[in-house]
Visitor: 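Below: one structure in structure tokens.
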Amino acid sequence: MINVVLCDDHAVLRRGIRDTLTEATDIKVTGEAGGYAELREVLRSAPCDVLLLDLNMPGRGGLEVLATLRETHSTIKVVVVSMYPEDQYALRCLKAGAQGYANKASDPAELINAVRVVMQGRKYLTAEVAQMLAESLAQPVLESPHATLSERELQTLIKIASGRRLADIAEELMLSPKTVSVYRSRVLEKLKLSNNAELTVYAIRNELV
């Protein structure tokens, strides 16, 4: 039996993933969490072989949680489950220590496959991610400017380009408006841009939104 814990701040999505996984006779959902603090409590008592981790959560983001888990629960295999397209985050997550990356928009049955694959000690790669990985190894290319952004900086860029106000972004990420403003300033500096309009154009041109 494969023990799985779900970490996603959207209860409806968690329920959908749980319902999908219960269709497999060799998988058991042993715990659920809506954020990192709750996840720490769950992992103290719930057996966990595989963690399905949402990338975009309030408070500590998925990549931050992933880095911490590598130190505190190194035996747990992590599959990142995200709304972000593979070309924006999959390789980041794999390099950060995740065993797999799945898009929430993909076939739900693929999550069952992902859990089984990583439990066997292999990486779970979709065809798209495998192709990207092969290309990055065969033909190293200059990274896009936004590849230098931290997780929070990239999230801020995407949310600004999607029309969110700084106050809304702060609330969604459970940060202070001042902190989000600092992230915005860093993004502008790193991308050599001047204002939100230019940020939006950059995001659209690079297919971030």
Side-chain angles (χ1 to χ4, degrees), residues 1-66 68-69 73 76-94 96-120 122-130 132 151 154-155 158-159 162-164 168-169 171-174 207-209:
M1 185 65 69
I2 305 173
N3 296 311
V4 176
V5 169
L6 312 178
C7 186
D8 191 314
D9 63 313
H10 295 93
V12 174
L13 291 176
R14 278 208 315 271
R15 184 165 61 246
I17 293 174
R18 183 180 65 241
D19 291 345
T20 295
L21 294 179
T22 53
E23 297 175 7
T25 58
D26 58 336
I27 295 175
K28 179 181 179 181
V29 177
T30 57
E32 298 181 33
Y36 177 65
E38 190 176 350
L39 176 63
R40 284 189 304 175
E41 293 300 319
V42 170
L43 292 179
R44 286 176 180 169
S45 57
C48 179
D49 301 309
V50 179
L51 171 67
L52 296 185
L53 176 67
D54 182 24
L55 192 60
N56 187 22
M57 293 186 295
R60 300 190 71 177
L63 287 177
E64 294 175 81
V65 174
L66 181 58
T68 302
L69 288 173
H73 297 80
I76 294 178
K77 296 171 173 59
V78 180
V79 176
V80 173
V81 184
S82 173
M83 293 295 289
Y84 293 122
E86 286 88 343
D87 60 343
Q88 299 303 332
Y89 269 108
L91 295 186
R92 280 188 180 219
C93 292
L94 293 173
Q99 278 70 43
Y101 186 96
N103 194 301
K104 290 181 181 180
S106 61
D107 183 352
E110 277 302 303
L111 286 178
I112 295 176
N113 184 36
V115 169
R116 289 170 174 164
V117 166
V118 301
M119 192 59 193
Q120 293 169 2
R122 298 185 289 139
K123 297 283 189 182
Y124 172 76
L125 303 174
T126 62
E128 293 82 2
V129 174
M132 284 191 298
E151 179 187 8
L154 184 58
Q155 286 178 329
I158 292 172
K159 290 180 182 298
S162 299
R164 305 281 214 292
D168 297 330
I169 298 172
E171 184 175 352
E172 289 177 24
L173 298 181
M174 295 178 65
E207 299 181 345
L208 297 174
V209 293

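These values consider heavy atoms only, across backbone and side chains, with no hydrogens, waters or symmetry-generated copies.
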Visitor: Within a strict 4.5 Å, meaning less than it, do heavy atoms of the Ile76 and Val5 side chains meet?
Guide: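 Counting from C-beta outward, Ile76 and Val5 never come under 4.5 Å.
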
Visitor: Within this structure, what is the CE-CG distance for the pair Met1 and Asp26, rounded to the nearest 0.5 Å?
Guide: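 Result: 7.0 Å between the selected atoms.
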
Visitor: If I take atom OG1 from residue Thr20 and atom CZ from residue Arg15, how far apart are they, to the nearest 0.5 angstrom?
Guide: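 One gets 12.0 Å once the value is rounded to the nearest 0.5 Å.
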
Visitor: Do the non-hydrogen side-chain atoms of Val65 and Cys7 ever get within less than 4.5 Å of each other?
Guide: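 A side-chain contact is absent here, since even the closest heavy-atom pair is not under 4.5 Å.
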
Visitor: Return the CD to CG distance between Gln99 and Leu94, rounded to the nearest 0.5 Å.
Guide: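 Atom-to-atom, Gln99:CD and Leu94:CG are 9.0 Å apart.
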
Visitor: When you check the gap from the basic side-chain N to the acidic O, do Asp168 and Lys159 get nearer than 4.0 Å?
Guide: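 Looking at Asp168 and Lys159, the cut-off is not met.
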
Visitor: Which heavy atom of Tyr36 sits nearest a heavy atom of Thr68, and at what distance?
Guide: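 For Tyr36 versus Thr68, the nearest heavy atoms are OH-CG2, 3.0 Å.
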
Visitor: Rounded to the nearest 0.5 Å, what separates atom CD1 in Ile2 from atom OG1 in Thr30?
Guide: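 Interatomic distance, Ile2 CD1 to Thr30 OG1, rounded to 0.5 Å: 12.0 Å.
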
Visitor: Going by the rule side chain to side chain donor-acceptor pair (under 3.5 Å), which residues pair with Arg122 if we only count those two or more places apart in sequence or in a different chain?
Guide: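 So Arg122 forms a side chain to side chain donor-acceptor pair (under 3.5 Å) with Gln120.
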
Visitor: Just jot down the side chain to side chain donor-acceptor pair (under 3.5 Å) partners of Thr126, sequence neighbours excluded, or say none.
Guide: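 Scan of Thr126 (side chain to side chain donor-acceptor pair (under 3.5 Å), adjacent residues dropped) gives Glu128.
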
Visitor: Does the side chain of Tyr101 reach to within under 4.5 Å of the side chain of Arg92, using non-hydrogen atoms?
Guide: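 Counting from C-beta outward, Tyr101 and Arg92 never come under 4.5 Å.
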
Visitor: Testing the basics here: between Gly34 and Asp9, what is the closest heavy-atom pair and its distance to 0.1 Å?
Guide: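 Heavy atoms only, the tightest pair is O-CB, 3.2 Å.
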
Visitor: Is the shortest side-chain heavy-atom distance between Asp54 and Leu13 below 4.5 Å?
Guide: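 The answer is no; the side chains never approach within 4.5 Å.
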
Visitor: Where is the tightest heavy-atom contact between Arg14 and Asp8, given as atom of each residue plus distance?
Guide: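 For Arg14 and Asp8, the tightest heavy-atom pair comes out as NH1-O, 2.5 Å.
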
Visitor: Could you check if a side-chain atom of Leu52 sits within less than 4.5 angstrom of a side-chain atom of Val115, using non-hydrogen atoms only?
Guide: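 Leu52 vs Val115: side chains touch.
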
Visitor: Is a side-chain N or O of Lys77 found less than 3.5 angstrom from the main chain of Lys123, in a donor-acceptor match?
Guide: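 No.
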
Visitor: Compare every heavy atom of Leu43 with every heavy atom of Cys48, then report the nearest pair and how far apart it is.
Guide: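 Residues Cys48 and Leu43, closest heavy atoms: CB-CD2, 3.9 Å.
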
Visitor: Only counting residues at least two apart or in another chain, list the ones meeting side chain to side chain donor-acceptor pair (under 3.5 Å) with Glu38.
Guide: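 For Glu38, no residue satisfies side chain to side chain donor-acceptor pair (under 3.5 Å) once neighbours in sequence are set aside.
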
Visitor: Under 4.5 Å between any side-chain heavy atoms of Val50 and Asn3, yes or no?
Guide: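 Contact flag for Val50/Asn3 side chains = no.
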
Visitor: What are the two closest heavy atoms between Cys93 and Leu66, and how far apart are they?
Guide: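 Here Cys93 and Leu66 meet closest at O-CD2, 3.7 Å.
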
Visitor: Just how far is it from atom CG of Leu51 to atom CG of Leu53, taken to the nearest 0.5 Å?
Guide: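 Going from CG on Leu51 over to CG on Leu53, the span is 5.0 Å.
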
Visitor: Surrounding NE2 of His73 (heavy atoms of other residues, nucleotides or ligands, distance under 6.0 Å), is the total greater than 12?
Guide: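 Yes, because the 6.0 Å sphere around NE2 of His73 holds more than 12 heavy atoms from other groups.
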
Visitor: Can you name the nearest heavy-atom pair linking Gln155 to Leu55, along with the distance?
Guide: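 In terms of heavy atoms, the two residues are closest at NE2-O, 4.1 Å.
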
Visitor: Could you give the distance from CD1 (Ile17) to CD1 (Ile112), rounded to the nearest 0.5 Å?
Guide: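 Separation between the atoms: 11.5 Å.
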
